[in-house]
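The figures here come from the full heavy-atom set of this structure, side chains too, leaving out hydrogens, waters and symmetry mates. Within every chain, numbering begins at 1; the chains are lettered A, B, ... in the order of the sequence lines, protein sequences first and strands thereafter. All values derive from a computational prediction rather than experimental measurement.
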There are 2 protein chains.
Amino acid sequence: MSLRLLLVDDDVLVRSGLRVILESEPDLTVVGDAGTGREALDAAARTDPDVVLMDVRMPDMDGIAATAELVARDPRRPRVLVLTTFEDDDYLFRSLQAGASGFALKRSDPDELVDAIRVVARGTSLVLPDLTRRLIASHAPSRARGAAALPELTGREADVLRLVAGGLSNAEIAGRMHLSRETVKTHVSGVLLKLGARDRTQAVIAAYESGFMTA
Amino acid sequence: MSLRLLLVDDDVLVRSGLRVILESEPDLTVVGDAGTGREALDAAARTDPDVVLMDVRMPDMDGIAATAELVARDPRRPRVLVLTTFEDDDYLFRSLQAGASGFALKRSDPDELVDAIRVVARGTSLVLPDLTRRLIASHAPSRARGAAALPELTGREADVLRLVAGGLSNAEIAGRMHLSRETVKTHVSGVLLKLGARDRTQAVIAAYESGFMTA
DNA sequence: CTCCTCCTCCCCCGCGCGGGGGACCCGGTT
DNA sequence: AACCGGGTCCCCCGCGCGGGGGAGGAGGAG
């Protein structure tokens with residue numbers, strides 16, 4: 001029993017491209033497509049798809065609104081996988097809040113996309129790699145509000161973090177601590193790893209949010 | 001070619017239960033198990049699994065730390081799927097920050113779990129339904145305007161500073177604000193100038209110290 | 001009308017940063 | 001004895017950042 005798909009995108013080229021890719025999978029069938037959110041609602045009602053691949057930016061009702069309407073009609077019948085070219089956090093959050101089951105970039109590998117479709121069809125929500133990381137990054141700051149002590153930093157790492165959070169560069173920290181730049185970098189790297197920070201800015205944020213600075 | 005799995009949980013019963021469930025899938029093979037984070041690192045080095053099913057709460061190095069270490073060794077080789085009985089947001093965030101590819105509850109359906117394993121093995125990150133919703137819910141809007149602490153800042157500059165202090169890169173800010181990188185850089189430069197900061201790190205410090213972040 | 005601020009986007013360029021290696025010493029465990 | 005974690009120092013490399021410059025449009029104030 002094959003999965004019934006509905007493609008929604010205002011760009012005809014994208015629709016036909018997707019169609020070719022998806023139809024080459026034996027267990028997937030494209031049962032319809034639409035170029036606007038409003039058309040998507042009609043098409044969904046007619047074709048009763050398992051999964052809707054939904055673009056975000058569209059004329060005449062965007063993908064978010066269309067998703068919200070589909071979910072309102074029946075929260076479990078057509079699963080919605082939001083598809084966009086933009087690495088746009090705002091869309092991500094709003095899409096999922098509207099009730100989308102997943103979110104993927106158009107630039108992802110065909111394999112990855114097909115994977116995502118099957119997963120979503122099963123009723124499992126997912127967000128592809130990059131986006132997930134971003135989701136977490138943007139949440140991170142509000143995380144440790146009050147509690148959640150920092151992971152076990154070594155003595156030197158804690159010293160370095162204090163100076164990093166004082167706005168000093170690696171060279172300045174080296175001078176202040178009578179160390180070489182390389183050593184400071186080693187410690188900074190250790191701090192970043194343990195705090196799950198991408199750069200010193202995120203480390204400083206973690207330091208403040210965790211109460212490390214006020215303690 | 002079958003997927004090689006490593007089970008990590010301090011409870012032997014859980015390990016054997018999982019083993020039975022997973023071995024019944026023809027394309028899954030359990031190549032080892034461990035009862036602590038430290039053991040997990042050893043076992044991973046020996047058995048070179050595709051996916052590690054990792055418990056969070058464990059004696060002698062918890063799942064988060066073990067995950068971080070595995071990812072540090074090789075960010076793509078053993079994918080880590082964090083498994084827990086607790087619907088604990090903090091674990092969720094910290095696990096994924098440590099570099100886990102996914103997160104699932106032990107109480108999920110076997111099918112769902114098996115699904116998740118296959119997806120993660122492909123290199124796709126995922127968070128199961130309930131958790132995703134929670135993740136979004138907790139990402140409350142930092143959209144709050146007004147109460148402008150640093151008053152010399154223009155509206156745009158304040159917006160940008162908020163995101164900089166959220167740990168985002170210029171490119172990410174551009175994405176979220178629907179702007180070009182250049183424009184973001186312009187605003188960041190303005191912020192740095194007005195705050196007397198040398199780089200974004202010092203700007204974040206100023207933002208925290210001035211009460212800009214708590215207002 | 002002009003002037004000015006704010007917002008938007010573009011170029012080039014130097015440099016600090018962070019990741020990848022590796023190396024050595026020391027002290028405590030095993 | 002071998003081992004390991006913490007601390008120190010070194011290399012190379014890619015890239016994001018921040019500064020320099022310029023430019024156009026929208027809107028308010030004079």
C/dG19 phosphate, OP1 or OP2: any side-chain N/O from A/Ser189 under 4.0 angstrom?
-> yes

Hey, which sits more toward the 5' end of DNA chain C by its nearest nucleotide, B/Leu179 or B/Asp199?
-> B/Leu179

Can you measure from CD (B/Glu182) to CG (B/Asn170) and round to the nearest 0.5 angstrom?
-> 9.5 Å

Can you check whether B/Gln202's main-chain N or O pairs, donor with acceptor, with B/Asp199's side chain at less than 3.5 Å?
-> yes

Compare side-chain N and O positions of B/His178 against OP1 and OP2 of C/dT8 and report whether any pair is under 4.0 Å apart.
-> no

Does a side-chain N or O from B/Arg200 land closer than 4.0 Å to OP1 or OP2 of D/dG18, or not?
-> yes

Would one find more than 12 heavy atoms of other residues, nucleotides or ligands at under 6.0 Å from atom CZ of A/Arg176?
-> no

Ranking B/Thr186 and B/Ala197 by the position along DNA chain D of their nearest nucleotide, the one closer to 5' is B/Ala197

Nearest whole angstrom, please: distance from the P of C/dC15 to the CZ of B/Arg198.
-> 15 Å

Quickly work out the B/Lys185 NZ to D/dG19 C1' distance and round it to whole Å.
-> 8 Å

With the side chain defined as heavy atoms from C-beta on, A/Thr183 is closest, among D/dC9, D/dG7, C/dG18, to D/dC9

Between C/dG19, D/dG18, C/dC7, which nucleotide gets closest to the side-chain atoms of B/Thr154?
-> C/dC7

So, the side chain of A/Arg15 versus the backbone of A/Leu7: is there a donor-acceptor pair under 3.5 Å, distance only?
-> no

Length of the CD-C1' vector between B/Gln202 and C/dC17, whole Å | 15 Å

Can you tell me how far C1' of C/dG18 sits from CG of A/Leu195, to the nearest Å?
-> 15 Å

Whole Å only: how far is the CD atom of A/Glu182 from the P atom of D/dC10?
-> 6 Å

Contact check, side chains of B/Ile117 and B/Glu25, non-hydrogen atoms, under 4.5 Å | no

Under-4.0 Å side-chain N/O to phosphate OP1/OP2 contact, A/His187 with D/dT8 | yes

Heavy-atom distance under 4.5 Å between the side chains of B/Leu18 and B/Asp33, does that happen here?
-> no

Have a look at A/Gly155 and say if it touches a base, only the backbone sugar-phosphate, or nothing, with a 4.0 Å heavy-atom cut-off.
-> sugar-phosphate

Phosphate OP1/OP2 of D/dT8: any A/Arg156 side-chain N/O under 4.0 Å | yes

Could you tell me whether the phosphate oxygens of C/dG16, OP1 or OP2, come under 4.0 Å of any side-chain nitrogen or oxygen in A/Asn170?
-> no

Separation of D/dG6 atom P from A/Lys194 atom NZ, nearest Å, is 6 Å

D/dC15 P sits how many Å from B/Glu172 CD, rounded?
-> 16 Å

Counting just side-chain N and O atoms, does B/Ser180 come under 4.0 Å of either OP1 or OP2 of C/dC9?
-> yes

D/dC17 base to B/Ser169 side chain: any donor-acceptor pair below 3.5 Å?
-> no

Gap between atoms CG and P, on A/Leu168 and C/dG16 respectively (whole Å) | 15 Å

